[in-house]
Amino acid sequence: MPRRPGTAAVRVRVRVPSKVNLFLAIRGVRTDGLHELVTVLQTVALHDAITAELDDQPSASHPAARRFMGLEFAVDGAGAVPTDGSNLAVRAARRLMEECGIGRASQTDQPHQHPVTRLRLDKKIPIAAGMAGGSADAAATLVALNQLWDAGLDRMQLAALAADLGADVPFCVSGGTAIATGTGTSTAQVLVRGAYHWVIGVSRAGLSTADVYRTFDDIGTPSAVEPDAVLQALRTADPEALGAALHNDLEVAAFHLRPELEAAKKSMIAAGAYGAVVSGSGPTVMGLAPSRLEAQRIADEVGHLFDRVELASSPAGGPEVH
Ligand code: ATP
């Protein structure tokens with residue numbers, strides 16, 4: 001991170017991983033329509049990156065001038081991501097600005113030059129894929145701007161802001177492997193040993209999380225299944241047991257909306273994966289391979305069933321500041 005002598009950072013880059021739900025059980029629907037769930041989330045080494053940069057004006061690091069801070073946003077990589085204020089990265093930036101009183105004053109109040117923060121998203125995580133891409137970008141933005149603006153929020157405070165932005169965002173701020181309950185925003189890290197090798201079957205057409213939950217409400221049944229077998233496999237570094245324990249109640253809805261996903265999951269297992277599961281609300285199908293080499297072989301065998309296949313390991317840590 002380059003610094004001018006005597007000034008705060010002017011550029012911060014944060015790499016942030018995607019996630020897989022190793023376990024997801026729907027317990028029921030609350031009166032406000034949100035679902036109560038139990039899920040085990042783990043970061044996967046398929047990353048997006050956020051670069052946050054302050055323009056080169058001397059005023060940019062002055063606390064008074066920051067009330068006039070402007071925000072610019074650009075995306076490199078994926079076409080289907082919104083580039084306006086609805087992008088989760090921009091929403092995260094605005095939330096942090098509101099919290100810290102940055103950019104509060106209208107720039108028209110100040111006829112002279114005002115400082116600008118430029119935010120660039122380098123998009124690699126598949127979109128609307130159940131891999132928390134948007135949530136990861138929001139988390140990376142909070143971490144990057146907290147540092148760039150010297151805002152001084154600790155991880156707990158960032159996690160509280162994150163919860164306002166989406167159910168998966170608090171997990172993406174910490175990363176690692178966590179069990180989440182409630183609507184998914186209460187998270188606790190769990191003990192993990194070993195590394196896990198995934199074949200990631202990506203579909204170009206995403207699935208809307210809202211549609212999948214609506215379909216689940218129509219055709220699915222809340223379950224009482226517990227994540228004990230997943231947690232035990234993670235503790236004992238046992239990928240074969242983890243493969244057998246992978247579970248997602250939302251699969252019934254994803255398979256209803258995209259019947260070909262069920263066949264693709266079965267093909268991954270027939271090709272030698274220890275297990276396979278739809279991640280979150282799908283449509284990504286994740287196959288757990290015995291090794292990196294086996295992952296490549298399985299990918300070659302099932303590649304024709306997907307628009308794209310990626311290989312990645314887990315767990316992948318959390319947001320990394322560069
Ligand atoms: P989750 O796993 O948390 O349910 P997802 O991986 O299924 O999320 P995302 O990739 O986060 O889904 O995208 C969901 C929708 O959010 C997209 O269709 C897109 O229009 C919108 N979106 C807003 N910001 C982003 C972003 N930074 N990256 C991806 N999608 C974004």
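Note: hydrogens, waters and symmetry copies are ignored here, and every other heavy atom, side chains too, is used. For ligands, and for the atoms within them, numbers begin at 1 and follow the listed sequence.
- Remark: minimum distance from atom 20 (O) of ligand 1 to any protein heavy atom is reached at Pro82 CD, 3.6 Å.
- Screening Arg297, His304, Gln296 against Asp300 for a side chain to side chain donor-acceptor pair (under 3.5 Å) leaves a single residue, Gln296.
- Under the 3.5 Å distance criterion, the side-chain polar atoms of Glu53 are left unmatched by any main-chain donor or acceptor of Arg118.
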Would you mind writing out the side-chain donor-acceptor pairs for residues 280-287 within the sub-3.5 Å range, not counting sequence neighbours?
residue	atom	partner	partner atom	Å
Ser281	OG	Thr209	OG1	3.2
Thr284	OG1	Ala129	O	2.7

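- Atom 16 (O) of ligand 1 is never approached by the protein to below 4.0 angstrom, counting heavy atoms only.
- Ligand 1 has no atom lying under 4.0 Å from any heavy atom of Arg91.
- No side-chain heavy atom of Lys19 sits under 4.5 Å from any side-chain heavy atom of Met131.
- A salt bridge does not link Arg214 to Asp217: none of the charged side-chain nitrogens sits closer than 4.0 Å to a carboxylate oxygen.
- Ion pairing between a basic and an acidic side chain is recognised when a charged N comes within 4.0 Å of a carboxylate O; Asp164 and Arg95 show such pairing.
- At least one donor-acceptor pair under 3.5 Å links the side chain of Asp48 to the backbone N or O of Lys124.
- At the top of the distance list for atom 5 (P) of ligand 1, counting protein heavy atoms only, stands Gly130 N, 3.5 Å.
- Residue Asp137 has at least one heavy-atom neighbour below 4.0 Å for each of these atoms of ligand 1: 26 (C), 27 (N), 28 (N).
- Ring geometry, His35 versus Phe216: the interplanar angle exceeds 60°, so the pair is classed perpendicular (tilted spans 30 to 60°).
- Ligand 1 is never approached by Gly206 to a heavy-atom distance shorter than 4.0 Å.
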Pairs of donor and acceptor atoms involving the side chains of residues 169-186, under 3.5 Å and at least two apart or interchain, shall be tabulated with distances.
residue	atom	partner	partner atom	Å
Ser174	OG	Phe171	O	3.1
Thr177	OG1	Gln42	NE2	2.9

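- Ala132 N, 2.9 Å is the protein heavy atom nearest to atom 2 (O) of ligand 1.
- Close contacts of ligand 1 with Lys19, meaning ligand atoms under 4.0 Å from a residue heavy atom, involve 2 (O).
- Residue Lys123 approaches ligand 1 through these ligand atoms, each under 4.0 Å from one of its heavy atoms: 28 (N), 29 (C).
- Taking all heavy atoms of Ala167, Gly166, Ala128 into account, the minimum distance to atom 12 (O) of ligand 1 is reached by Ala128.
- Within the 4.0 angstrom cut-off, atom 26 (C) of ligand 1 has one or more protein heavy-atom neighbours.
- Among all non-hydrogen protein atoms, the one lying nearest atom 11 (O) of ligand 1 is Gly134 N, 2.8 Å.
- Close approach of ligand 1 to Thr209 (heavy-atom distance below 4.0 Å) involves ligand atoms 4 (O), 7 (O).
- Close approach of ligand 1 to Asp168 (heavy-atom distance below 4.0 Å) involves ligand atoms 1 (P), 2 (O), 3 (O).
- Note on Arg13 versus Glu320: no salt bridge recorded, every NZ/NE/NH1/NH2 to OD/OE distance being 4.0 Å or above.
- From the protein, the heavy atom lying nearest to atom 30 (N) of ligand 1 is Ile127 CG2, 4.0 Å.
- Which parts of ligand 1 touch Ser135 is read off a 4.0 Å heavy-atom cut-off, strictly below it: atoms 3 (O).
- If you check which protein heavy atom lies closest to atom 24 (N) of ligand 1, you get Leu88 N, 2.9 Å.
- Between the side chains of Ser313 and Trp198, no donor-acceptor pair of N or O atoms lies under 3.5 Å.
- Ligand 1 is never approached by Gly280 to a heavy-atom distance shorter than 4.0 Å.
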